[in-house]
Amino acid sequence: MNDPAGSARPVGADAIRFVDDFRDRELSLALVDRIRPAAQRIAAERGLERVAVMEVCGGHTHTLFRFGIHQALRDVIEFVHGPGCPVCVLPRDVIAQCVSWAQREDMIVATFGDAIRVPGHGLTLQQARAAGANVQVVYSPLEALETARENPDKNVVFLALGFDTTMPSTALTLLTAKEQGVTNFSLYAVHIGIIPTLQAVLAEGAQYLQGLIGPGHVSMVIGSQPYEFVARDYGLPFVISGFEPLDLLQSLNMILAQLERGEAKVENQYARTVTSSGNAAALAAINRVFRPEPRSFWQGLGGQTDIGYVLSDEFAEHDAEKRFGIDIATDPLSVAEQPPECDQVIMGRLSPPDCPHFNKGCTQDHPLGALMVSNEGACAAWYHAGAMATT
Amino acid sequence: MTGQTSVSGQVTLAHGSGGRASRELLRTVIESSFGHAVTQHDSAVVAGSDSLAITTDTFVVSPRHFPGGDIGRLAVFGTVNDLAVAGADPRYLTCGLVLEEGLELSELAGICSSMATAAAEAGVDIVAGDTKVVARGQADGMYINTAGVGFVDDRVHLGFEEIRPGDVVLVSGDVGRHGACVAGMRQDFGLSHDIHSDCAPLAQLCRVMLEAGTVRYMRDATRGGLGAVVTELALASGTRFQLVEDDIPVQGAVRAVCELLGLSPLHLACEGRLVAVVAEPDADAILAAMRSIDVGSGSCRIGVVREGDEPPVTLLTYLGVETVLSLPAGELLPRIC
């Protein structure tokens with residue numbers, strides 16, 4: 001098989017043993033038996049109905065529902081779904097702009113799978129593709145770079161989205177493009193930092209939470225140190241967690257233990273992957289390619305926060321916004337048409353099944369907002385869990 | 001007399017013109033692969049009884065060659081299996097080829113001989129066919145349509161309406177292998193794996209199952225995988241299927257690829273697996289019969305049928321929690337991170 005990295009990673013029975021260790025039934029049930037009374041004690045002490053814990057990352061939401069942890073503990077723990085779903089905070093104008101470019105004969109827009117089902121101004125990228133637009137779904141930005149090499153007569157734009165997690169791969173792809181002189185490759189970079197996002201969410205709603213399950217993959221890049229403000233400024237336990245069920249159960253147990261001891265600190269359950277200072281090479285690549293610059297258009301976070309990144313001036317010739325220009329009008333109408341409840345869900349203030357549109361006007365087949373599109377979106381998680389989650 | 005014919009050159013539009021080139025293509029590539037004149041008649045008149053099963057399926061798979069098979073084997077087994085799970089004894093196939101100008105004749109010959117081998121394995125004859133050529137760019141290499149005919153024993157009664165609460169759900173082996181094999185090839189992940197497609201004929205398996213006990217209904221799990229089949233069966237029969245997640249067999253490498261790509265093996269295609277709903281008292285006997293056949297050696301009991309209620313299919317997770325098995329909204333899309 002063709003392998004651009006030059007070394008094939010073997011995938012077999014051995015690879016899965018690593019996963020199975022983190023789905024051990026005995027250990028999991030023992031943790032559930034410990035979590036349940038601890039949560040009840042803490043709730044009783046504080047006069048709460050349940051202990052409210054925000055899982056920041058959409059990947060955690062997915063695991064909680066998939067393995068039934070949410071269902072097993074929801075009478076003692078309220079899982080508040082956080083903002084950590086990259087396409088959920090993606091503004092519709094960005095999608096509309098990509099649709100506009102993809103409709104041009106001389107352009108190809110490449111992006112990650114989840115993004116193609118998000119509604120823009122009317123059309124999703126998936127619908128635009130069906131109507132003849134040039135849209136490519138990739139697993140890695142390097143595939144988009146390959147497309148640019150294979151299509152020298154077309155301009156390939158990679159819609160680069162996601163938190164700090166995906167920024168290093170975007171940065172390295174761009175550095176490769178520049179080094180190899182692939183001039184028909186550009187980035188439409190709409191990355192967003194997890195730290196300012198978390199600051200925005202906590203400024204609004206920290207008082208409703210007793211603790212947070214910290215994101216895993218993004219912390220692999222930035223480390224555990226940047227989260228210190230959560231414990232310091234808000235007095236909330238913050239435990240960075242892996243993505244397997246045992247990881248999440250252990251992280252919950254660590255949060256409850258902190259609460260029982262009256263502590264609030266940043267702990268790292270995902271120590272097999274996350275360090276305190278992060279990945280220096282990845283951070284260096286991010287700092288070389290991106291420059292923080294306020295963009296106030298984030299879904300759900302807009303209005304309160306100016307966060308975002310643009311490409312450094314050194315990479316101007318690969319900057320799709322500068323190169324091709326933004327040719328769509330910002331459409332206030334389409335933003336207004338979108339349910340205001342989406343913003344409340346992103347901020348953790350509204351639980352998806354309590355939204356008046358949930359499973360009525362807004363379904364997986366006809367999503368009104370991105371939260372219903374992505375596997376990591378809170379609404380999609382509830383939707384997939386169906387009736388079982390609400391009983 | 002079958003076997004790969006040694007030819008060289010490419011398919012041209014002339015091959016589809018109906019003239020001498022067409023005849024030449026039939027004679028030197030297609031018929032010499034199948035070993036007899038498959039395209040002599042536009043329709044085949046075959047001996048048979050009143051209980052005739054007939055089906056058709058079209059194969060557009062990309063890539064055309066994959067570990068464990070190719071589009072030709074799929075085209076034979078897919079149609080044979082559709083007949084077999086209906087309780088029919090598959091007998092005759094037709095073969096329609098749509099070829100893109102530029103296709104290598106050697107590849108075409110290879111796929112035709114692969115179909116011939118597959119037909120021999122499945123015990124069916126390819127009795128009629130048709131070939132069309134389209135201009136470069138109007139098709140992706142080649143497409144194959146096969147129609148199949150089989151005969152059903154009068155004593156066989158299979159149907160959604162036969163399914164009732166208390167029945168047992170069986171699967172004939174590990175799931176998701178074909179889908180994982182093709183996904184692993186299509187995307188340039190640099191993964192090295194040894195996943196082979198499960199594509200195989202199921203007629204013999206179906207026969208021994210029907211002899212071993214009361215089978216309510218069978219369906220081969222192809223596109224949409226196990227998840228799509230059980231959902232359809234539950235909805236059509238007005239019952240609820242309760243599956244035990246850890247009892248559903250999945251090969252280690254398939255699980256690993258799914259974990260990496262964010263896919264569920266329950267939604268990935270199989271090409272040699274069937275799901276059966278059987279009467280509870282006969283379940284062990286049917287399972288034993290399934291396991292006695294090579295293609296069914298990995299058969300397992302994976303769940304039970306409950307009284308009808310929403311949701312149609314639930315999964316008991318390893319924590320003992322009942323969750324909903326929902327279907328993907330459309331194409332399977334990779335997650336971002």
Side-chain angles (χ1 to χ4, degrees), chain A residues 1-17 19 23 25 28-29 32 59 62 65-69 71-72 86-87 112-117 126 137-140 142-143 146 161-163 165-166 217-218 245 364-365 367 373-376 383-389, chain B residues 63 66-67 180-181 183-195 227 240 242 245-246 250-267 309-337:
Chain A
M1 195 178 301
N2 184 9
D3 175 14
S7 66
R9 288 153 288 177
V11 170
D14 286 349
I16 208 69
R17 202 170 301 151
V19 171
R23 295 177 190 174
R25 187 180 156 84
S28 300
L29 292 176
V32 168
H62 181 76
F65 277 93
R66 176 180 161 198
F67 293 95
I69 297 172
Q71 295 88 323
V87 302
F112 297 125
D114 274 2
I116 72 166
R117 291 189 56 228
Q126 194 171 30
V137 174
V138 296
Y139 265 88
S140 155
L142 285 169
E143 286 178 58
E146 191 56 39
L161 67 148
F163 290 93
T165 322
T166 50
H217 292 147
V218 68
Q364 274 258 292
D365 294 322
V373 172
S374 172
N375 262 334
E376 294 165 63
Y383 187 81
H384 281 304
M388 308 305 288
Chain B
F66 44 83
C181 165
M185 287 182 73
R186 275 185 191 175
Q187 313 278 356
D188 197 4
F189 304 122
L191 293 175
S192 77
H193 59 75
D194 56 358
I195 301 173
R240 179 160 65 86
Q242 186 184 53
E245 189 168 23
D246 285 355
V250 183
Q251 209 183 39
V254 172
R255 283 185 58 203
V257 165
C258 286
E259 291 289 338
L260 278 171
L261 304 186
L263 303 171
S264 165
L266 305 191
H267 296 143
D309 200 3
E310 280 291 312
V313 183
T314 60
L315 274 182
L316 277 176
T317 72
Y318 86 107
L319 287 174
V321 176
E322 195 167 21
T323 61
V324 176
L325 177 70
S326 57
L327 295 180
E331 60 189 306
L332 295 175
L333 297 172
R335 287 210 303 266
I336 292 177
C337 60

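Chain naming here is simple, since letters A, B, ... match the order of the sequence lines and numbering starts at 1 in each.
- Between Arg66(A) and Thr317(B) the shortest heavy-atom distance is O-CG2, 3.5 Å.
- Proximity of Ser326(B) to Tyr383(A): side-chain heavy atoms (C-beta onward) are nowhere separated by under 4.5 Å.
- Take Gln242(B) and apply the side chain to side chain donor-acceptor pair (under 3.5 Å) test, not counting sequence neighbours, and it matches Arg306(B), Glu322(B).
- Val321(B) and Gly68(A) make their closest contact through CG2-O, 3.5 Å (heavy atoms, listed as atom of the first residue, atom of the second, distance).
- Classification of Arg25(A) and Glu245(B) as a salt-bridged pair fails, no side-chain N sitting under 4.0 Å from a carboxylate O.
- With values rounded to the nearest 0.5 angstrom, Phe67(A) atom CZ is found 8.5 Å from Leu319(B) atom CG.
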